[in-house]
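None of the values given here were measured: they were computed from a predicted structure. In this chain, residues are counted from 1 in sequence order.
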Amino acid sequence: MFLSVFDVFKIGIGPSSSHTMGPMSAANRFLDLILSDEWPRPSNAAVAAIQVSLHGSLAHTGIGHGSGRAVILGLMGERPDLVDPDKMDEVIEEVERTGRITPPGHPSYAFQPKADLVFDKKMALPGHANGMSFSAFDRDGRLLLKRIYYSIGGGFVVTDTELGAMRAQKNKTAGVKVPYPFATAQQMLDMAARSGMSIAQMKRANEECSMSRQELDNGLDRIWAAMNSCIDRGLSQDGIMPGGLKVRRRARAIHDKLQEEWRSNKVNPLLANDWLSVYAMAVNEENAAGGRVVTSPTNGAAGVVPATIRYYLHFHEDADQDGIRDYLLTAAAVGGIIKHNASISGAEVGCQGEVGSASAMAAAGLAAVMGGTPEQIENAAEIALEHHLGMTCDPVAGLVQVPCIERNALGAVKAVTAASLALKGDGKHFVPLDACIETMRQTGVDMNEKYKETSTGGLAVNVVEC
């Protein structure tokens, strides 16, 4: 099993990797398919119109997550890592005004958002809670092409056929051949013991099978630069976040107070936690506003990893760029194991799969750069994940604001605490990380659907919308 660090950490836009980035990427894939030879095109037939339907969690919370907007942007050829957030409204308004989409390299297609983009809350698609159906028609209304896509978390998008193949291959060796193909935490520890290498070194060796060391380092630096910029933007912004809840940004005001305390040398026993929290909140306020973020491993949990890296730089005098790279490689190794054996999708297993996974990844990365052994790193990840088990995903009004923003702050605090606890021991502990991941998977299966990113249970129905 091999999942690249650049699959775990992807630059995109908010507010959701599965509900915003996923639908945009699915639309990109459908456009590419239209121009390809991968479908039996009838003679003299040409695509003239496109229709899209969103199902399951995408239908229930798609308005708050901007899923419909993402589909329109994707059909206009915009991609999550390249779209300009400042020009998105202009693109959407053009489609709504003209009733047509004009993606680069394509002819113009008819697409009336109010009629051709359906949020189908009645029919869920069988493969995953985040299902989408894309259809292409000729000028006479005959169906020419239809594809089902699933957004399976972290911005990953697969067709129904690909999803079936993924599940069939779950316990088989497939894909890129790498020297350290660990699919479980125990395999990772065994390989580290045999090789004498750290988790980051093994992950690096795997990545360098498909790219040079310089390309890898440049990519890791680019990921951290995007995370760091997101923190800085979040700390500089103020005002009300979009969506109708009238939730005010708080990161800037908190940051200003912390800066004042820092300059005045006031004693603050909660200082480290305060900085962790404000960094995480800055990222997730940016995410909620539709800004540029990095999936870590998802948008809804995007604040945890950057916050703990910034904490590492802030409070550890030996922190450096090599340390950040090792952190990201270690965190990605743990995130890949979780995704392979359970899920990082809130629509599939609740927020334990999003903030819980992010906290485990952050704890592992921090333990690594603080000198932890592979056993201590695995222990740190297990502690962090264990104390998120059962966490539901119940965003108020389908917006990634309440409780998501503060939840990232607490996920970062738990990550640092977990790393600290693990480093105080020798790596021996009672519950293996693999057992904790399997418990998360089983808990997600048992969890009622209303607590899995549908906004039909939990805080979403017990908080009066303002």
Give a yes or no answer on whether the side chain of [X] reaches the backbone of [Y] with a donor-acceptor pair at less than 3.5 Å.
X    : Y    : answer
N448 : Y451 : no
N299 : I13  : yes
Q376 : T373 : yes
S195 : M191 : yes
N408 : G303 : yes
Y150 : G127 : yes
E354 : C351 : no
T308 : V304 : yes
T295 : V8   : yes
T330 : G365 : no

Would you name the heavy atoms of [X] and [Y] that are closest together and state the gap between them?
X    : Y    : value
S455 : A397 : OG-C, 4.3 Å
N341 : I437 : CB-CG2, 3.9 Å
D120 : H55  : OD2-CE1, 3.5 Å
S296 : A358 : O-CB, 3.4 Å
G300 : V400 : CA-CG1, 3.9 Å

Can you measure from [atom1] ([X]) to [atom2] ([Y]) and round to the nearest 0.5 angstrom?
X    : Y    : atom1 : atom2 : value
I324 : W224 : CD1   : CH2   : 5.5 Å
Y311 : N273 : OH    : CG    : 8.5 Å
N287 : S16  : CG    : OG    : 7.5 Å
S17  : I152 : OG    : CD1   : 11.0 Å

| query | Would you call the rings of H314 and W262 parallel, tilted or perpendicular if under 30° counts as parallel and over 60° as perpendicular? | reply | perpendicular
| Parallel under 30°, tilted from 30 to 60°, perpendicular over 60°: which one fits the rings of H65 and H19? | tilted
| field | Y149 vs F134, ring-ring contact (aromatic ring centres under 6.0 Å, His included): CA-CA, chis, key distance, verdict | value | CA-CA 8 Å; Y149 297 97; F134 286 73; 5.6 Å; yes
| message | Under the criterion side-chain hydrogen bond (donor to acceptor under 3.5 Å, both in side chains), I'd like the reasoning laid out for H429 against E378: C-alpha separation, chi angles, the key distance, then a yes or no. | response | CA-CA 10 Å; H429 55 107; E378 185 261 359; 2.5 Å; yes
| query | Looking at residues at least two apart in the chain, or sitting in another chain, which of them share a salt bridge (charged side-chain N to carboxylate O under 4.0 Å, His left out) with E285? | reply | none
| said: K452: which residues meet the salt bridge (charged side-chain N to carboxylate O under 4.0 Å, His left out) condition with it, sequence neighbours left out? | reply: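 So K452 forms a salt bridge (charged side-chain N to carboxylate O under 4.0 Å, His left out) with E449.
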Listed by chain and number, what are the side chain to side chain contact (heavy atoms under 4.5 Å, CB included) partners of [X], not counting sequence neighbours?
X    : answer
M370 : H316, L366, L423
A225 : none
A226 : I11, V294
P80  : M21, M24, S25, N28

| Going through the distances and angles, do D190 and Q186 end up as a side-chain hydrogen bond (donor to acceptor under 3.5 Å, both in side chains)? | CA-CA 6 Å; D190 292 343; Q186 188 57 56; 2.9 Å; yes
| Thinking salt bridges, do E348 and R441 make one under a 4.0 Å N-O criterion? |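 Result for this pair is no, no salt bridge flagged.
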| Residues D322 and R325 bridged, charged N to O under 4.0 Å | yes
| message | Under the rule for side-chain hydrogen bond (donor to acceptor under 3.5 Å, both in side chains), what residues qualify as partners of T439, not counting sequence neighbours? | response | none
| said: Going by side-chain hydrogen bond (donor to acceptor under 3.5 Å, both in side chains), name the residues that satisfy it together with R292, two or more places apart in sequence or in a different chain. | reply: none
Side chains of [X] and [Y]: do they bring a donor and an acceptor to under 3.5 Å?
X    : Y    : answer
S420 : K424 : yes
N218 : Q214 : yes
T443 : Q352 : no

Side chains of [X] and [Y]: does their closest heavy-atom pair fall under 4.5 Å?
X    : Y    : result
D232 : S229 : no
H340 : L3   : no
C436 : L389 : yes

Under 3.5 Å donor-acceptor pairs involving side-chain atoms of residues 379-386, not counting sequence neighbours:
none

For residues 237-245, which side-chain N or O atoms pair as donor and acceptor with protein atoms under 3.5 Å away, sequence neighbours left out?
none

| query | Between Y312 and Y327, is the ring centre distance below 6.0 Å? | reply | no
| field | Pairwise side chain to side chain donor-acceptor pair (under 3.5 Å) hits with a residue in residues 387-407, at least two apart | value | R250-E406
| field | Residue pair Q321, D221: steps toward the side-chain hydrogen bond (donor to acceptor under 3.5 Å, both in side chains) verdict | value | CA-CA 8 Å; Q321 195 68 22; D221 294 347; 2.9 Å; yes
Which atom pairs, one a donor and one an acceptor, fall under 3.5 Å between side chains of residues 251-261 and the rest of the protein, sequence neighbours left out?
{"from": "R252", "atom 1": "NH1", "to": "S236", "atom 2": "O", "distance (Å)": "3.1"}
{"from": "E261", "atom 1": "OE1", "to": "N268", "atom 2": "ND2", "distance (Å)": "2.9"}

| Within 45° of the axis and under 6.0 Å from the centre of the six-membered ring of F2, does NZ or CZ of K177 qualify? | no
| Ring-face cation contact, F30 with R147, 6.0 Å cut, 45° max |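 Negative - R147 is either too far from the ring of F30 or too far off its axis.
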| task | I would like to know whether R29 and E162 meet salt bridge (Lys or Arg N to Asp or Glu O under 4.0 Å); could you show each step before the answer? | result | CA-CA 13 Å; R29 289 194 60 175; E162 290 166 348; 2.8 Å; yes
| request: Report the C-alpha separation of T61 and E453 in whole Å, then their side-chain angles, then the decisive distance to 0.1 Å, and conclude whether the side-chain hydrogen bond (donor to acceptor under 3.5 Å, both in side chains) test is met. | output: CA-CA 7 Å; T61 65; E453 210 168 358; 5.1 Å; no
